[in-house]
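Working notes for the structure below.
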Amino acid sequence: MAMSPKERDEKRRAKAARLQEEDLRLKVRPGTKQALLELMEWAGIEEQGEAMTLMIHHLHGLGPGGALPLLTPPRHEITVSPSVVRKLENFRAREALRLPRD
């Protein structure tokens, strides 16, 4: 005899508890979603959860030396041109003259 939906849910919950499964939720923007879909296509993976699990385990397998460079977020360097530096210095000097000192 087939299980009722309630029995299936109880069985699923019991299995998840036994395996210590935990839901991880991840909100992503379109570019991240597109990158994940492309990775899945390249690897022939159909489920997002499977792709993410494999990536986590393979990344972890690289160890700290291999994984940390891939986990370092890109940082943007801000460079100020000499002309902008001059304008800022001139502005600061004008403001210093304009504002009364205590």
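Here, residue 1 is the first one in the sequence, and each next residue gets the next number.
Looking at every heavy atom in both residues, P69 comes nearest to P64 through CD-O, 4.1 Å. Residues K11 and M3 approach most closely at CD-CE, 3.9 Å, considering heavy atoms. Closest heavy-atom contact between M40 and E47: CE-C, 3.7 Å.
L26 places a side-chain heavy atom less than 4.5 Å from the side chain of M52. Looking at heavy atoms from C-beta onward, K15 lies in side-chain contact with L19 at the 4.5 angstrom threshold.
Going from atom CE of M55 over to atom CD of E50 covers 10.5 Å, rounded to the nearest 0.5 Å.
One hydrophobic cluster holds both L36 and W42 under the rule that ILVMFWY side chains link at heavy-atom gaps under 4.5 Å. Hydrophobic clustering of Ile, Leu, Val, Met, Phe, Trp and Tyr side chains at less than 4.5 Å, counting indirect connections, unites V85 with L88. Hydrophobic clustering places V28 together with L39 (ILVMFWY residues linked when any side-chain heavy atoms are closer than 4.5 Å, directly or through intermediates).
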Applying salt bridge (charged side-chain N to carboxylate O under 4.0 Å, His left out) to R98 and E95, what does each step give before you reach the verdict? CA-CA 5 Å; R98 190 174 73 93; E95 289 295 308; 3.1 Å; yes

Could you go step by step and tell me if L24 and E22 meet the side chain to side chain contact (heavy atoms under 4.5 Å, CB included) rule? CA-CA 6 Å; L24 298 178; E22 182 179 338; 4.2 Å; yes

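The backbone N or O of S4 sits less than 3.5 Å from a side-chain atom of E7, completing a donor-acceptor pair. With hydrogens and angles disregarded, a donor-acceptor distance shorter than 3.5 Å links the side chain of T53 to the backbone of G49.
Connectivity analysis of hydrophobic side chains (ILVMFWY, heavy atoms under 4.5 Å, direct or indirect) links L59 to L62, L70, L71.
Salt-bridge check for R12 with D9: passed, with a basic side-chain N closer than 4.0 Å to an acidic carboxylate O. Between R13 and E10 no salt bridge is recorded (no basic side-chain N to carboxylate O distance below 4.0 Å).
Counting heavy-atom neighbours within 6.0 Å of E46 CD, excluding the residue itself, gives a total of 12 or less.
For Q34, the side chain to side chain donor-acceptor pair (under 3.5 Å) partners at least two apart in sequence or on another chain are E38.
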